[in-house]
Peer 1: 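A single structure is presented below for examination.
Just so we're on the same page: letters track the sequence lines, and every chain starts at 1. What you are looking at is a predicted structure, and each value in this text was computed from that prediction instead of being measured.
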Number of protein chains: 2
Amino acid sequence: MPSRARIPKHFDLALLFSALADRTRLRLLNLMQGREVCVCYFVEVLGQSQPKVSRHLAYLRRAGIVAARREGKWMHYRIVTPPNEGADNILRETLAALADDRLMQADLNRFRRACRAPQKLPALLAAPSPCACTC
Amino acid sequence: MPSRARIPKHFDLALLFSALADRTRLRLLNLMQGREVCVCYFVEVLGQSQPKVSRHLAYLRRAGIVAARREGKWMHYRIVTPPNEGADNILRETLAALADDRLMQADLNRFRRACRAPQKLPALLAAPSPCACTC
DNA sequence: TCAATACATCTGCTTACGCATATATAATTG
DNA sequence: CAATTATATATGCGTAAGCAGATGTATTGA
């Protein structure tokens with residue numbers, strides 16, 4: 001990973017908004033609110049294909065909104081704070097708005113259910129402690 | 001296909017972000033902060049073609065972010081408040097972030113200069129009181 | 001080896017742009 | 001006053017670029 005020097009004063013807001021301008025990516029971000037989430041859980045909760053989820057996560061990562069951490073076979077994603085204050089505020093308001101959305105709340109319910117009973121979902125059987133989640 | 005009985009407060013955040021995910025549109029929005037602006041001023045200040053500016057304004061209008069008012073031959077655009085509280089907060093933070101951007105500040109300087117001396121810009125000679133601006 | 005994830009590639013769709021033209025209003029002219 | 005012209009803005013159209021979806025394959029680690 002190239003030690004990306006921190007973006008100085010200029011932050012491409014249009015790029016940030018491009019990253020946010022997709023319902024799937026908003027759902028991913030919503031699930032990451034306050035916790036780190038494993039890709040396999042995204043796939044399970046959203047019911048989307050793994051490549052699709054992976055590409056959207058890569059998109060968010062390129063936009064500097066999320067970061068990834070490897071743990072063996074699994075990749076865990078989490079939200080990171082943008083270096084730019086304005087972008088940080090926008091992201092914070094966005095996450096707050098998502099929390100008010102019914103569909104997003106439904107996603108969270110499915111996520112919590114999966115966390116509580118991973119043994120019911122074959123794809124999650126081997127995953128490490130479901131996630132570093134607080135569910 | 002959830003036939004959800006009522007989602008009155010639902011607002012398509014992805015659509016809002018799509019509208020914001022373009023540098024030209026962000027520049028247009030920035031110029032409209034606190035005032036109504038005539039299309040001819042956008043063209044002059046941004047140095048972009050009139051059809052291009054017009055299209056981006058139409059995009060913002062379809063997204064419910066701006067509204068237009070006709071005054072004779074001229075069209076004035078202004079920012080409107082989204083009906084959704086979350087969207088409103090996001091838009092507010094976005095405008096605040098734009099105000100901190102150097103390029104955006106340069107645009108505003110050019111705009112104020114044009115407002116003070118429209119006689120120097122042929123395209124603005126006949127325009128109605130430059131704009132309902134406070135420059 | 002297997003399994004989770006990343007990546008390459010193809011197709012279809014959406015969008016932005018430039019160019020030309022259409023529309024709407026105002027001003028001018030006969 | 002009707003008709004023409006001029007001006008400001010909007011829109012159709014063709015092209016190019018980029019993203020989404022699907023599928024197959026490569027890489028990585030237990």
Peer 1: Quick one: is D:dA20 close enough that its OP1 or OP2 comes under 4.0 Å of any side-chain N or O from A:R25?
Peer 2: yes
Peer 1: Tell me: CD of B:Q48 to P of C:dC19, nearest whole Å?
Peer 2: 13 Å
Peer 1: The side chain of B:M75 lies closest to which of these nucleotides: D:dA10, C:dG18, D:dA22?
Peer 2: D:dA10
Peer 1: Does B:S49 reach a base, just sugar-phosphate, or nothing at all? Heavy atoms under 4.0 Å.
Peer 2: sugar-phosphate
Peer 1: Could I get a table of every N or O pair under 3.5 Å where one atom is in the protein and the other is in nucleotides 24-30 of chain D?
Peer 2:
none

Peer 1: Atom CZ of A:F17 to atom P of D:dG18: distance rounded to whole Å?
Peer 2: 21 Å
Peer 1: Quick one: label B:Y77 by what it contacts on the DNA or RNA (base, sugar-phosphate, nothing), any heavy atom closer than 4.0 Å.
Peer 2: sugar-phosphate
Peer 1: Over how many whole Å does the gap from A:R62 atom CZ to C:dA6 atom P extend?
Peer 2: 12 Å
Peer 1: Is there side-chain contact between B:Y77 and B:L60, with at least one heavy-atom pair below 4.5 Å?
Peer 2: no
Peer 1: Do the side-chain N or O atoms of A:S54 get closer than 4.0 angstrom to the phosphate oxygens (OP1, OP2) of C:dA6?
Peer 2: yes
Peer 1: When the distance from CZ of A:R55 to C1' of C:dC7 is rounded to whole Å, what number comes out?
Peer 2: 11 Å
Peer 1: Considering only heavy atoms and no angle criterion, is a donor-acceptor pair shorter than 3.5 Å present between the side chain of B:Q50 and the base of D:dA10?
Peer 2: yes
Peer 1: Donor-acceptor check, side chain of B:Q105 to backbone of B:A99, threshold 3.5 angstrom: yes or no?
Peer 2: yes
Peer 1: Round to a whole Å and report the spacing from CZ of B:F42 to C1' of D:dA8.
Peer 2: 14 Å
Peer 1: Would you indicate which nucleotide in D:dA10, C:dT5, D:dT9 comes nearest to any side-chain atom of A:C38?
Peer 2: C:dT5
Peer 1: Please tell me if the side chains of B:F42 and B:F111 come closer than 4.5 Å, counting only heavy atoms from C-beta onward.
Peer 2: no
Peer 1: May I have the distance from A:L57 (atom CG) to D:dA20 (atom P), rounded to whole angstrom?
Peer 2: 12 Å
Peer 1: Does some side-chain heavy atom of A:D100 sit less than 4.5 Å from a side-chain heavy atom of B:E85?
Peer 2: no
Peer 1: Can you check the B:L60 CG to C:dT15 C1' distance for me, whole Å?
Peer 2: 14 Å
Peer 1: Report yes if a side-chain nitrogen or oxygen of B:H56 is closer than 4.0 Å to either non-bridging phosphate oxygen (OP1 or OP2) of C:dT15; otherwise report no.
Peer 2: no
Peer 1: Need to verify one output field. Residue with the more 5' nearest nucleotide on DNA chain D, B:V39 or A:D22?
Peer 2: B:V39
Peer 1: Name each donor-acceptor pair under 3.5 Å that joins a side chain in residues 24-34 of chain B to protein atoms two or more places apart or in another chain, with its distance.
Peer 2:
| from | atom 1 | to | atom 2 | distance (Å) |
| --- | --- | --- | --- | --- |
| B:R25 | NE | B:A19 | O | 2.7 |
| B:R25 | NH1 | B:H56 | ND1 | 3.1 |
| B:R25 | NH2 | B:S18 | O | 3.0 |
| B:R27 | NE | B:D107 | OD2 | 2.7 |
| B:R27 | NH2 | B:D107 | OD1 | 2.9 |
| B:N30 | OD1 | B:Q33 | NE2 | 3.3 |
| B:N30 | ND2 | B:M104 | O | 3.1 |
| B:Q33 | NE2 | B:L95 | O | 2.8 |

Peer 1: Side-chain contact, heavy-atom cut-off 4.5 Å: B:P82 with B:L91?
Peer 2: yes
Peer 1: To the nearest Å, give me how far apart NZ (B:K52) and P (D:dT11) are.
Peer 2: 18 Å
Peer 1: Under a 3.5 Å distance rule, please check whether B:R110 uses its side chain to pair with a backbone N or O of B:V45 as donor and acceptor.
Peer 2: yes
